[in-house]
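Count residues from 1 along the sequence. All of these numbers come straight from a predicted model, not from anything done at the bench.
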Amino acid sequence: MYNLLVVDDEIFVTMGITQGIDWESAGFDRVFAANSADEAKNIMLQQDIDIVIFDIEMPGTSGLELGQWVIHHFSEMEIVYLTGHANFSYAQQAIKLGSSDYLLKPVDHADLKHTVICALDRVRNAKESKHFNAMYHKYMQMWEAQRPLLLEKMWQDILSRKETATLSRLQSLFSLYQTPLHEESRIVPILISIEEWQKELSFRDNEVMELALRNAAAELFLNDRDGDIIRDKSGGVLILLFDPDVSILAQEEWRNCCYQFIQACSEYFYCIVSCYIGGETKISEIHEMYERLLHMEGSNPTISRAVMKLGEQGFSAGPHEGTLPLGDWQVLLDMNKEEELLERFDHWFDRLHTSPPSPETLQMFYYGLLYALYGSVQKKGYSIREAFHSSDILELKKATKSLTQLHRWAKKMISKCTRLQSKEINSAQSHHSGLIDKIVNYTREHMHENFTREDLAAHVHLNSAYLSRLFRKETGQTLSDFVQKLRIERAKELLSYSDHKIGAIVEAVGYSHASHFTKIFKEVVGLTPAEYRKSFSV
């Protein structure tokens with residue numbers, strides 16, 4: 001609803017206008033009256049007035065002077081002037097002051113109501129327009145804030161072929177996200193591969209460092225050039241240079257930028273990176289060029305801090321090619337000779353570091369080790385899933401991403417396999433092995449949960465107090481100590497053989513607070529989680 005103010009020095013005039021016209025039917029909630037300029041000002045300062053009707057000829061401050069005051073303080077208020085003079089100069093001044101209309105006294109109530117209703121329409125439209133503009137501005141700010149994420153999502157969809165890369169479709173996307181590309185544009189991608197973080201970071205710190213990494217890349221590589229910086233699907237950084245100068249000189253410039261970036265990452269961002277420079281490509285074929293960069297990255301598991309351009313990389317074949325002693329490994333695994341086998345593995349990997357292997361050699365090693373592990377665990381009466389946790393069996397691409405990753409994974413798998421006792425030995429150790437197996441399996445499957453003794457008892461259909469007494473009698477330890485031991489052992493495995501952040505490991509083994517986990521871990525192991533990981537990697 002809206003408010004109306006009538007200002008006239010003649011009280012009978014204000015009464016006639018305020019009471020003689022049905023203003024409620026015109027859309028007004030309240031109608032105010034004033035008989036002087038000062039009284040009118042007080043009302044306007046205290047009430048939300050939308051339309052004011054002024055008498056021009058008032059003693060003291062005239063209606064025109066009052067109109068000037070209104071325009072200065074309430075620019076959106078509509079003004080209707082009344083006067084007993086037909087002199088056109090009054091009308092001219094009223095129009096100059098932004099009057100909605102100019103009516104002669106004695107005013108016809110029907111004409112006045114019609115004039116005010118027209119003014120009210122303008123007030124309503126102005127308010128709606130103001131509200132729309134405010135909402136538009138609000139959501140435009142929200143869209144602008146989200147645009148980098150939406151833009152990154154667009155590129156990721158294009159590169160993964162989730163988004164059809166037709167020129168018409170791409171052009172509409174580029175227009176939507178204000179990207180300066182057209183159908184004749186060319187792009188040169190540069191893939192920044194993050195190979196290793198040299199400092200232990202929390203999940204939040206890792207996100208902050210990755211953002212800082214992308215910002216630094218934008219400052220170094222773009223620097224007033226057109227392009228985008230996005231997060232690569234494998235956690236790295238992808239630089240997209242739009243319509244760059246691809247001359248030999250420009251290529252050397254990109255190479256120098258890569259070396260500067262690698263140095264900056266090592267000094268300021270605690271990470272080791274390599275750069276892979278793609279070739280100039282059409283917009284519609286950018287996903288193919290990106291796949292070639294990923295293949296180039298995957299074909300370089302040993303060379304760190306490298307700068308490679310598509311088509312320039314190559315790998316030499318060292319003396320280790322085709323010389324996997326699978327038979328010896330199998331024998332040592334079956335005999336549980338962990339120390340001797342790990343020593344041989346360390347020696348074999350030392351040779352790989354001196355002469356970088358081909359991707360085929362790493363794949364052959366991966367499959368050869370899996371074959372030996374499968375054979376050994378089967379001889380002990382287990383399936384591969386019983387012997388290893390699902391997260392232990394890494395995919396080929398993840399296991400062979402780097403020589404360090406493959407070495408770490410191989411040592412972990414060997415240690416697990418050689419410490420695995422045969423089912424016959426395990427069966428003889430306890431009359432209630434089936435019950436304990438259920439508890440062990442439940443703990444492993446629900447490791448990430450903060451389950452209780454009652455949850456374990458319900459799983460094996462026993463009273464919790466009886467289960468505790470039975471478990472202690474058969475194993476010599478309390479149920480809670482046993483579960484804690486399994487959690488700590490799992491944490492040690494993850495700290496030793498994975499790149500997971502400590503915060504993620506805390507959650508993975510069922511602890512709610514990192515401080516509590518650190519205290520328990522140090523009590524059991526004698527080192528903090530960070531100290532344990534550092535000592536293992538030495």
Side-chain angles (χ1 to χ4, degrees), residues 196-203 206 333 336-343 345-346 349 369 373 376-377 380 382 384-394 398-399 402 404-421 426 436-437 439-451 456 475-538:
E196 182 182 353
W197 289 100
Q198 297 177 298
K199 183 177 181 180
E200 188 67 34
L201 300 172
S202 66
F203 177 80
N206 185 262
L333 279 173
N336 292 331
K337 299 288 187 179
E338 178 183 356
E339 185 175 346
E340 183 178 349
L341 185 53
L342 289 178
E343 185 178 343
F345 263 57
D346 289 341
F349 273 94
L369 179 59
L373 290 168
S376 183
V377 299
K380 295 176 182 179
Y382 294 90
I384 196 71
R385 292 189 177 276
E386 291 177 309
F388 301 105
H389 193 273
S390 59
S391 61
D392 295 332
I393 312 297
L394 297 182
K398 186 174 182 180
S402 72
T404 301
Q405 170 79 354
L406 184 61
H407 191 184
R408 182 184 298 169
W409 172 76
K411 292 174 71 173
K412 169 189 175 180
M413 299 297 283
I414 290 169
S415 295
K416 281 202 165 190
C417 185
T418 54
R419 296 174 186 179
L420 189 66
Q421 292 183 323
N426 285 333
I436 295 175
D437 283 345
I439 293 175
V440 171
N441 290 336
Y442 183 91
T443 302
R444 285 178 174 169
E445 292 173 4
H446 298 266
M447 184 78 71
H448 59 288
E449 302 174 10
N450 188 19
F451 58 81
L456 279 173
T475 65
Q477 58 183 321
T478 66
L479 187 58
S480 59
D481 286 345
F482 176 76
V483 172
Q484 178 179 283
K485 180 180 178 182
L486 287 181
R487 292 186 191 275
I488 295 299
E489 288 301 316
R490 179 60 181 157
K492 287 166 65 177
E493 291 176 7
L494 293 173
L495 288 167
S496 302
Y497 302 114
S498 78
D499 295 323
H500 299 328
K501 303 298 180 289
I502 290 180
I505 294 175
V506 171
E507 295 179 2
V509 297
Y511 284 87
S512 302
H513 303 287
S515 58
H516 178 61
F517 167 76
T518 300
K519 179 181 177 182
I520 297 298
F521 190 91
K522 188 170 184 179
E523 288 177 357
V524 175
V525 182
L527 298 170
T528 66
E531 290 170 344
Y532 180 82
R533 170 170 275 177
K534 185 176 181 180
S535 67
F536 187 89
S537 61
V538 173

To the nearest 0.5 Å, atom CG of Leu494 lies from atom NZ of Lys501 at 13.0 Å
- prompt: Heavy-atom distance under 4.5 Å between the side chains of Ile439 and Tyr442, does that happen here?
  reply: no
CZ of Phe482 to CD of Gln477, rounded to nearest 0.5 Å, is 6.5 Å
Can you tell me if Glu343 has over 12 outside heavy atoms packed within less than 6.0 Å of its CD? no
N/O donor-acceptor pairs under 3.5 Å from side chains in residues 502-529, not counting sequence neighbours:
{"residue": "Thr518", "atom": "OG1", "partner": "Ala514", "partner atom": "O", "Å": "2.8"}
{"residue": "Thr528", "atom": "OG1", "partner": "Glu531", "partner atom": "N", "Å": "3.1"}
{"residue": "Thr528", "atom": "OG1", "partner": "Glu531", "partner atom": "OE1", "Å": "3.3"}

Backbone N/O of Leu373 and side chain of Ser376: donor-acceptor pair under 3.5 Å:
no
The salt bridge (Lys or Arg N to Asp or Glu O under 4.0 Å) partner of Glu493 among Arg533, Lys411, Lys412, Lys416 is Lys416
Mind checking whether Leu342 and Thr418 have side chains closer than 4.5 Å, heavy atoms only?
no
To the nearest 0.5 Å, atom CZ of Arg444 lies from atom CD of Glu489 at 10.5 Å
> Is the backbone of Met447 close enough, under 3.5 Å, to the side chain of Arg487 for a donor and an acceptor to pair up by distance?
Replying inline: yes
